[in-house]
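Below, chains carry the letters A, B, ... as their sequence lines are ordered, and counting in each starts from 1.
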Amino acid sequence: MNDDTPAAPREEADPADTRDDVPYRFDRSHAVGDIVEAFEGLEAGVETETVVSVAGRLMLRRDQGRLAFGTLQDATGRIQLFATAAASPGFERFTGLSIGDWIGVRGAVMATRRGELSVRVDDWTLLARARRPFPDKWHGLTDPDTRYRQRYVDLWVSDEARDAFARRSQIVAALRRRLTDQGFVEVETPVLHPIPGGAAARPFVTRHEALDADLYLRVAPELYLKRLVVGGMERVYEIGRVFRNEGISTRHNPEFTMLELYWAYADHTDIMDLTEHLVAGVAEDVCGSTTVVYDGQNVDLAPPWRRASMEEVIAEHAGFEVSLDAGAAELAARCDSLGIETRPGWGPGKLMLEIYEKAAEPNLWGPVFVTDYPAEVSPLSRRHRSRPGHAERFEAIVAGRELCNAFSELVDPVEQRSRFEAQAALRAAGDDEAMAVDEDYLRSLEYGLPPTGGLGIGVDRLVMLLTDTQAIRDAVLFPTLRPDPGV
RNA sequence: GCGCCUCUAGCUCAAUUUGGCAGAGCAACGGACUCUUAAUCCGCAGGUUCUGGGUUCGAGUCCCAGGGGGCGUACCA
């Protein structure tokens, strides 16, 4: 690298030419962020004795004749490079680098006359060429399609995106740390399910050739995790991808990350305590506070969160009283007056849920636990101990979005069978989101499931909340898109 | 699924309102410059205007069909 041969003309940078003579490894002494932290405030004009090796992409270059400045960016930040024709080897080639080229640089930490913290280029090497031009250094990428399809570019030009995904990693780590501290054991259960179950959702179907059988990508890990509680794993959780063959929106991706946990000997009220402390704790861990700003509004996550029954919330936000006792006819009439489409065969529970979702939920900000869901629409949850027709089930609304779904688990195999059969009847009637009878799951219940509380948290939603992003696509690195018709 | 909007150079955007030779900044390429900060200055080059039809003397612009994307809506977390 000590020769001063001119930079290769760009025309010779044929994308098909892979014969760059670049090293197999590079010894880096510091991440850029470490240098910035250690030398912040270095006096203008000072050249230190500290020699560092850094690596990253050259994101900007300012040639100044016999002098050149560059901006090197790595995963931890940006720092200026200071090269001179007199002292920097291969100066001509250095000024011929393209924006986006990966380089390794060794040199003394210094501050320029203007006081900009820099690494003096005492030696450098090309690590990889950027054969394609990078986006505009100032405007970056604005087309969402390009940002998602070419996230590898977006991550370089969008600080917001990089920060959000760094925080996502911290959030998931904090969830694991806190659950581990509370004695929960992390497990991995099958993604390929012979029978789709655990949630009301249309599954993706796939095929195992050797077994000559259709398999379904899981819509939830629920039934396997509860089998594990039967198996004696008293506190168990899984963080994993689930798949639902449904629409895509700012809040929905066909594959998304779910945290599910099951806690033996606990009920839904224990789960509420756990949930509010878990979410507030993770916010504290990664945001430094239990108060966060979402979409310009404050969200106070400090426990305890408000707890209100579905009827209470409907009365507050829809402005009228409802009850399951009113019967299907009256509730259907309510739906009509609200402009909610109903289908024949819907029971009072489904009708009340519709009223809640259309007339009350959109007005909720939270955090609030909406409790006492109708048993009719909760095929896996235990009947309420004192309110006939209801289940010990709740969802949490935080920042106007459903964050979790939880309940005291249904443990009675006889009742579970009849709930499954009701689901199977819906399925037979054409509801492809209804569950099927899972005989093995019923058998496990016959061996005995102790009283158990369960929780499912949409991890992507939690990430959105704590990174203040409005679209799930900004919380997922590679959101599902239509296949690119032509690269 | 349905409705509305959108697609111009690698990137970010223009193109006189029913149509008249498709432009600029950045990047790239050539050059000048020893303290720049989106450096500056001079020069050069860059296009299947998403695709296919149609109307017209003439279409980036108007019409039809298709494709990608965004938003809303429906199903859902």
Side-chain angles (χ1 to χ4, degrees), chain A residues 6-13 15 44-45 59-71 78-88 91 95-100 110-118 120 130-150 153-154 156-157 199-202 219-220 242-260 340-341 354 357-358 361 395-398 401-406 431-433 456-462 464 470-473 479 481-486:
Chain A
R10 195 65 170 171
E11 295 84 71
E12 288 180 17
M59 297 306 284
L60 291 171
R61 204 185 60 244
R62 297 175 290 282
D63 295 347
Q64 195 71 45
R66 305 291 290 164
L67 188 64
F69 302 91
T71 299
R78 277 180 278 264
I79 196 165
Q80 180 166 271
L81 301 175
F82 179 86
T84 61
S88 301
F91 182 78
T95 58
L97 288 170
S98 294
I99 301 305
M110 56 171 282
T112 60
R113 283 180 211 159
R114 294 287 176 84
E116 181 76 20
L117 184 66
S118 307
R120 194 178 65 208
R131 290 176 168 81
R132 290 175 183 262
F134 262 59
D136 187 287
K137 60 191 172 188
W138 186 246
H139 298 97
L141 291 173
T142 58
D143 177 19
D145 186 39
T146 308
R147 290 189 51 223
Y148 302 139
R149 288 193 199 276
Q150 299 185 36
V153 176
D154 183 45
W156 283 100
V157 298
R202 182 189 306 152
V219 296
V242 299
F243 307 84
R244 298 188 183 177
N245 205 339
E246 286 158 356
I248 295 176
S249 78
T250 52
R251 296 181 178 81
H252 300 91
N253 199 56
E255 52 178 304
F256 63 100
T257 301
M258 179 91 100
L259 161 64
E260 282 202 14
I340 301 169
E341 264 184 62
E354 286 292 315
E357 287 181 348
K358 298 296 185 307
E361 196 189 291
E395 288 193 1
I397 302 294
V398 182
R401 287 161 164 72
E402 289 170 32
L403 187 67
C404 74
N405 179 26
D431 181 350
D432 49 14
E433 290 173 2
I457 292 182
V459 172
D460 312 276
R461 297 269 176 92
L462 182 62
M464 289 168 70
Q470 319 307 315
I472 194 168
R473 286 171 170 173
L481 300 170
R482 213 174 282 275
D484 199 341

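Within 4.0 Å (heavy atoms only), Gln80(A) reaches at least one base atom of the nucleic acid. Counting any heavy atom pair closer than 4.0 Å across all strands shown, Ile457(A) reaches no nucleic acid atom. Counting non-hydrogen atoms under 4.0 angstrom, Gly458(A) reaches nothing in the nucleic acid. When heavy atoms are screened at a 4.0 angstrom cut-off, Arg202(A) is found touching no nucleic acid atom at all. Residue contacts shown for Thr250(A) are limited to sugar-phosphate atoms, with no base heavy atom under 4.0 Å away. Residue-level contact check: Asn405(A) touches neither bases nor backbone, having no heavy atom under 4.0 Å from any strand. Across all strands, Gly140(A) comes closer than 4.0 Å only to sugar-phosphate atoms, never to a base (heavy-atom distances). Within 4.0 Å (heavy atoms only), Asp143(A) reaches sugar-phosphate atoms of the nucleic acid but no base atom. Across all strands, Thr142(A) comes closer than 4.0 Å only to sugar-phosphate atoms, never to a base (heavy-atom distances). Backbone-only contact: Glu402(A) has heavy atoms under 4.0 Å from sugar-phosphate atoms and none from a base.
A sub-4.0 Å separation between OP1 or OP2 of G69(B) and a side-chain N or O of Arg482(A) is present.
Rounding to the nearest 0.5 Å places CD of Glu354(A) at 11.0 Å from CD of Glu361(A). For the atom pair Arg461(A) CZ and Ile472(A) CD1, the distance stands at 6.0 Å (nearest 0.5 Å).
Remark on RNA chain B: of its neighbouring residues Ser249(A) and Ala199(A), the 5'-side contact belongs to Ser249(A), judged by nearest-heavy-atom nucleotide. With RNA chain B read from its 5' end, the first of the two nearest nucleotides for Leu403(A) and Ser118(A) is the one closest to Ser118(A).
A65(B) and U51(B) make up a base pair, with Watson-Crick or G-U wobble contacts both under 3.5 Å. For C2(B), the paired nucleotide is G72(B), the pair qualifying as Watson-Crick or G-U wobble because both relevant distances are below 3.5 Å.
Comparing C75(B), C35(B), A77(B) by their nearest atom to the side chain of Arg113(A) picks out C35(B). Distances from the side chain of Arg66(A) to the nucleotides U34(B), C75(B), C35(B) place U34(B) closest.
Rounded to a whole angstrom, the distance from the P atom of C5(B) to that of A9(B) is 23 Å.
Judged by distance alone, the side chain of Asn245(A) and the main-chain N or O of Arg202(A) form no donor-acceptor pair under 3.5 Å.
Between Asp63(A) atom CG and C41(B) atom P the separation is 15 Å, expressed in whole Å.
Residue Asp136(A) places no side-chain atom within donor-acceptor reach of the base of G10(B), judged by atom type and a 3.5 Å distance cut-off alone.
Phe134(A) does not qualify as a stacking partner of the A27(B) base, lacking a centre-to-centre distance under 5.5 Å together with planes within 30°.
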